[in-house]
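Heavy atoms only: backbone and side chains are in, while hydrogens, waters and symmetry mates are out. In each ligand, atom 1 is the first atom listed, and ligand 1 is the first ligand listed. By convention here, the first residue in the shown sequence is residue 1.
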Amino acid sequence: MKPEMKLIFEKSREGRTGYQVPDTGVESVDPRAHLGRWFREDIAGFPELSEPEVVRHFVNLSKLNYSIDEGMYPLGSCTMKYNPKINETTAAMDGFAGVHPYWPERQIQGALRLMRDLEHLLCEITGLAAFSLQPAAGAHGELTGMLMVTAHNKSRGEKRDVVLIPDSAHGTNPSSAHICGLKVQQIASNTRGRLDLESLRAHISPSVAALMITNPNTLGLFEDEIAKIAGMLHEAGAQLYMDGANMNALLGKVRPGDLGVDVLHLNLHKTFSTPHGGGGPGAGPVGAAKHLERFRPVPVIEEHDGQLRFASNRPDSVGKVKGFYGNFGMLVRAYTYILSLGASGLREIAEAAVLNANYVRAKLSDRYHLPYSCLNMHEVILSDKKQMVHGVTTLNIAKRLMDYGFHPPTIYFPLIVSGAMMIEPTESEPLDEIDRFIAAMRAIADEAETNPDIVKNAPHSTTVQKLDEARAARTPILRWKP
Ligand SMILES: *Cc1c(COP(=O)(O)O)cnc(C)c1O
């Protein structure tokens, strides 16, 4: 049964309350006498309901959501994997949750040590020399990294204002470079879905500051010529930036630093299982090779006589990028995740992420068009080419998946694939759940042939059906007014 879709204001009944205060015999006072002109006679339209009505209202609202705790969430590139509950337990410990950033450093040595140790773990995982935990998200990490590259070039007296970005990069890459004041030039992919080295060669010049490469790229493919690419850039005095948001495909297998990457960001809220997707805090730490280390944002954690402290007197630093020291709660969760898995566990993440995505590809390749039919990494790209014959599009398929109880995949991205469906099962899905997803995708492919209207008019089972997606994004009504 679908829950009643009334606003709490519409359910209100005048005079109804959720509490009763027993008569205590204490003399009452008139708040007006104390509050004067600040006293509010009335809050217009304030809902009046009993306690069970309030509880039921919000519990029923919560049931309209879909979450990773309910089922598979194959949203490509976003790595919506399960977040182990032990991460929440440690993040909620008094010593972490109750710490205040204004406390004296000598009283928060444990929190500082956690941050310092996490930096070291990330260095070991990526093969880079130093990390900053401050950026609040992936795109913020990209901006920080490009500011560091710019500071490095300035320190050498070089004016380099061009950033090369492959057409298979994540969309935030060109935006971050642009916000950093750099000019973006796009590099084409080759027929293998990898960066085209000839195109790169043609674009390299003394004004190139860096190449920003997403690896694995948004086609879900490993840039297998990355070491050669690094060599070409370094020869020309340029840096290699790697977007490492999707490191779950590489953990324990490949270290970007060993491939010649100079600077990169990680998404703790993807690879290292801190919850995301609800607009809450994230963390996009930036790692740098030795020659870029001194440009990290302030403050950095330093150790003197066994005491850890924040150091801000760093003349080469790009400055502050975030209030205080980053989103500390996310750092506790990621640290817990890394320690609870250990080195072998991290390696298994990469193995399972890649195996699961290739399993999905192999099991769907006879029913859906594969623009790149080679082995993939943590995600696989399908297209609607075969279903278009029946007038069924990627959008229809995504909506129909909701009827089968799944969150839709990322759609129409990457832009270089027409009608793309970007599917990332992630490493945390059990085989049964992936099989259930595959069965749903195959059933939809059948429906597209035999009963296309049922797919075109989907979803049928959700509380609301066809939404005006443009208006929902551009003119959302977020506030009720009496
Ligand atoms: C998610 C993602 C980003 C952006 O990260 P945010 O935390 O959303 O800013 C950048 N690059 C890639 C490859 C991503 O998957």
Side chain to side chain donor-acceptor pair (under 3.5 Å) with Asn356: which residues, sequence neighbours excluded?
-> none
In this structure, atom 9 (O) of ligand 1 is nearest to the protein heavy atom Ala139 N, 2.8 Å
Are the side chain of Arg361 and the backbone of Ala357 linked by a donor-acceptor contact shorter than 3.5 Å?
-> no
Ligand 1 contact by His276, heavy-atom criterion under 4.0 angstrom | no
Would you say His140 touches ligand 1, if touching means a heavy atom closer than 4.0 Å?
-> no
State the NE2-OG1 distance between His276 and Thr274, to the nearest 0.5 angstrom.
-> 7.5 Å
Should Glu119 and Arg116 count as an ion pair when the cut-off is N to O under 4.0 Å?
-> no
Report the part of Thr79 in contact with ligand 1, treating N, CA, C, O as backbone and CB onward as side chain, heavy atoms under 4.0 Å; options are side chain, backbone, both, neither.
-> neither
Please verify whether a non-hydrogen atom of Ser77 lies at under 4.0 Å from ligand 1.
-> yes
Give the ring-plane orientation class for Phe413 versus His170, where under 30° counts as parallel, over 60° as perpendicular and anything between as tilted.
-> perpendicular
Give the numbers and elements of all ligand 1 atoms closer than 4.0 Å to a heavy atom of Glu142.
-> 10 (C), 11 (N)
Under 3.5 Å: N/O of Thr214 near N/O of ligand 1 = no
Closest protein heavy atom to atom 6 (P) of ligand 1, given as residue, atom name and distance to 0.1 Å | Gly138 N, 3.4 Å
Note: ligand 1 atoms sitting under 4.0 Å from heavy atoms of Ala137 are 7 (O), 9 (O)
With a 4.0 Å heavy-atom cut-off (strictly under), which part of Thr218 contacts ligand 1: side chain, backbone, both or neither?
-> neither
Pair Ser273, Asn87: side-chain N/O donor-acceptor within cut-off below 3.5 Å | yes
Which atoms from ligand 1 have a heavy atom of Asn246 less than 4.0 Å away?
-> 13 (C), 15 (O)
Of all the non-hydrogen atoms in the protein, which one sits nearest to atom 7 (O) of ligand 1, and at what distance?
-> His269 NE2, 2.6 Å
Flag the pair Tyr102 / Phe324 as yes when their ring centroid distance falls below 6.0 Å, and as no otherwise.
-> yes
Nearest-contact summary for atom 5 (O) of ligand 1 - protein heavy atom, Å | Asn267 ND2, 3.1 Å
Is any NZ, NE, NH1 or NH2 atom of the basic residue among Glu424 and Lys81 found under 4.0 Å from an Asp or Glu carboxylate oxygen of the other?
-> no
Between the main-chain N or O of Val321 and the side-chain N or O of Gln134, is there a donor-acceptor pair closer than 3.5 Å?
-> no
Considering only non-hydrogen protein atoms, determine which one is nearest to atom 11 (N) of ligand 1 and report residue, atom name and distance to 0.1 Å.
-> Asp243 OD2, 2.5 Å
Identity and distance of the protein heavy atom lying nearest atom 14 (C) of ligand 1 | Lys270 NZ, 2.9 Å
Under 4.0 Å from ligand 1, counting heavy atoms only, is it the side chain of Ala245, its backbone, both or neither?
-> side chain
About how many Å separate CG of Leu264 and CG of Asp243, when rounded to the nearest 0.5 Å?
-> 8.5 Å
Counting heavy atoms only, which of Met242, His170, Glu424 comes nearest to atom 4 (C) of ligand 1?
-> His170
